Amino acid sequence: MRIATWNVNSVRARLPRVLDWLAQAQPDVLCMQELKCQAHQFPLEAFEDLGYNVAVHGQKSWNGVAIASRTPLSGVVSGIPDDEDEQARGIAAIAGGVLVVNLYVPNGQEVGSDKYAYKLQWLDKLREWLGGETTPDDDVVVCGDFNICPDDRDVYDPEAWHEKILCSTPERERFEGLKGWGLTDAHRHFDQSAGVYTWWNYRAAMFRRGLGLRIDHHLVSDSVLSRAVGVEVDQEARKGEKPSDHAPVTLVLGDAA
DNA sequence: ATGGCCATCATGGATGGA
């Protein structure tokens with residue numbers, strides 16, 4: 001089973017790239033973030049034509065998340081972590097027996113800003129929501145665009161980013177808190193090395209120069225980790241015409257025991 | 001060379017992204 005996450009930066013602007021990637025990579029599940037459209041604007045038929053069932057949580061202009069799955073989705077929940085949140089940043093569903101939680105964590109803009117406070121509060125609420133929804137004894141994958149570099153190995157220039165947005169200690173503490181609840185950063189489990197990135201700024205030829213950040217993650221429960229074979233970042237998808245600024249990241253699971 | 005982009009809504013330029 002392959003569970004991918006990809007911040008597509010507009011599903012409508014990116015549709016040909018996303019469909020090409022789906023046809024080629026053949027994930028069982030694709031979690032998308034930054035749809036930048038309402039649910040009724042989502043190009044549903046194109047996904048269904050490729051054999052995917054889709055659950056969409058959208059909003060006008062910004063944010064928006066969706067889960068596409070080859071097997072039917074059940075128990076779809078949106079409005080994560082908070083029903084009152086007007087921003088469409090979380091959707092969860094059971095796919096192939098696994099609870100898949102797809103997140104687009106707020107960016108935070110700048111440490112100390114109102115948006116930064118919202119980000120930290122959002123992450124605190126997420127932790128509460130998870131505890132109320134499931135337990136780490138279940139098959140759980142919490143994935144998406146976390147907008148957090150867990151440690152300095154995930155940053156092309158740690159000095160320049162020291163305590164900056166995406167790298168500040170309070171953000172990293174929230175990430176560690178999710179791990180403390182009972183989840184494991186799947187990529188880091190398999191690869192201790194520095195310099196594996198999932199996002200590269202469009203500006204300044206950052207991708208060509210290999211200067212990026214690792215901010216898209218799979219946090220998995222122990223039962224999922226025991227089935228995991230590896231995590232793949234598809235840098236090819238960041239090349240070519242009209243790419244997203246994020247690469248798709250795929251958690252690969254072996255056959256269920 | 002430390003700056004370079006891109007999408008949305010709208011139809012110029014502000015806003016947001018990370």
Side-chain angles (χ1 to χ4, degrees), chain A residues 5-19 21 31-43 56-66 85-90 102-123 126 143-172 174-175 187 195-217 233 235 237-249:
Chain A
T5 179
W6 195 6
N7 179 323
V8 296
N9 186 14
S10 172
V11 71
R12 291 179 295 173
R14 210 69 57 214
L15 189 59
R17 295 296 306 252
V18 174
L19 297 178
W21 189 80
C31 294
M32 288 168 276
Q33 305 88 36
E34 275 210 273
L35 303 179
K36 294 188 172 179
C37 69
Q38 298 170 74
H40 73 267
Q41 299 172 306
F42 186 94
V56 180
H57 182 42
Q59 73 176 81
K60 185 177 163 71
S61 301
W62 308 112
N63 307 316
V65 285
D85 196 339
E86 292 176 3
Q87 302 188 26
R89 294 183 174 276
N102 174 22
L103 304 176
Y104 177 41
V105 177
N107 170 286
Q109 203 160 58
E110 187 178 357
V111 174
S113 67
D114 289 349
K115 287 177 180 169
Y116 181 72
Y118 170 72
K119 178 180 194 173
L120 297 183
Q121 185 181 49
W122 195 97
L123 289 162
L126 170 69
C143 67
D145 178 357
F146 283 72
N147 273 317
I148 298 171
C149 298
D151 68 51
D152 282 353
R153 289 172 293 180
D154 305 311
V155 187
Y156 67 91
D157 187 345
E159 286 186 27
W161 285 83
H162 180 69
E163 293 299 337
K164 294 290 196 307
I165 197 66
L166 315 187
C167 299
S168 73
T169 299
E171 292 167 85
R172 287 177 170 175
R174 299 316 191 274
F175 192 82
H187 167 81
V196 176
Y197 306 129
T198 66
W199 172 88
W200 301 261
N201 199 317
Y202 283 125
R203 286 178 283 190
M206 296 293 261
F207 179 72
R208 184 179 54 73
R209 297 196 285 158
L211 306 178
L213 304 174
R214 190 174 73 93
I215 55 178
D216 301 274
H217 309 297
V233 181
Q235 292 202 33
R238 182 61 178 78
K239 303 175 182 173
E241 292 286 312
K242 281 184 62 120
S244 170
D245 45 358
H246 295 250
V249 184

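Remember, it's a predicted structure, so these values are computed and weren't measured experimentally.
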If I pick the C1' atom on B:dA7 and the same atom on B:dG12, what distance separates them, to the nearest angstrom? 15 Å

Rounded P spacing from B:dA18 to B:dT8 in Å: 14 Å

B:dT11 and B:dC5, which share atom name P, separated by this distance in whole Å: 24 Å

Neighbours of DNA chain B within residues 195-208 of chain A, by heavy-atom distance under 4.0 Å: A:Trp199, A:Tyr202, A:Arg203, A:Ala204

For A:Asp114, does the CG atom have more than 12 heavy-atom neighbours from other residues, nucleotides or ligands under 6.0 Å away? no

Heavy atoms within less than 4.0 Å of DNA chain B: which residues of residues 112-121 of chain A have one? Give them sorted by number. A:Lys115

Picking from B:dA18, B:dG16, B:dC9, the nucleotide nearest the side-chain atoms of A:Ser61 would be B:dC9

Within the 4.0 Å heavy-atom criterion, would you say A:Asp145 contacts the bases, only the backbone, or no part of the nucleic acid? sugar-phosphate

At 4.0 Å (heavy atoms only), tell me whether A:Phe146 reaches a base, stays on the sugar-phosphate, or touches nothing. nothing

Would you say A:Ser10 reaches B:dC6's phosphate, i.e. side-chain N/O to OP1/OP2 under 4.0 Å? no

Per atom distances to the A:Asn107 side chain, the nearest of B:dA18, B:dC9, B:dT15 is B:dA18

Identify which nucleotide among B:dA18, B:dA7, B:dC9 has an atom closest to any side-chain atom of A:Ile215, counting heavy atoms from C-beta outward. B:dA18

Whole-angstrom distance between B:dA1 and B:dG13, as gauged at atom P: 33 Å

To the nearest angstrom, how far is A:Glu34 atom CD from B:dG16 atom P? 13 Å

Can you give the dot-bracket line for DNA chain B, using ( ) for pairs inside the strand, [ ] for pairs that cross earlier ones, | for pairs with another strand and . for unpaired bases, where Watson-Crick and G-U count if both distances are under 3.5 Å? ....(((((...))))).

Sticking with atom C1', work out how far B:dC6 lies from B:dA10, rounded to a whole angstrom. 16 Å

Report yes if a side-chain nitrogen or oxygen of A:Asn9 is closer than 4.0 Å to either non-bridging phosphate oxygen (OP1 or OP2) of B:dA18; otherwise report no. no

Look at all strands and tell whether A:Ile165 reaches a base, only sugar-phosphate, or nothing, counting heavy atoms closer than 4.0 Å. nothing

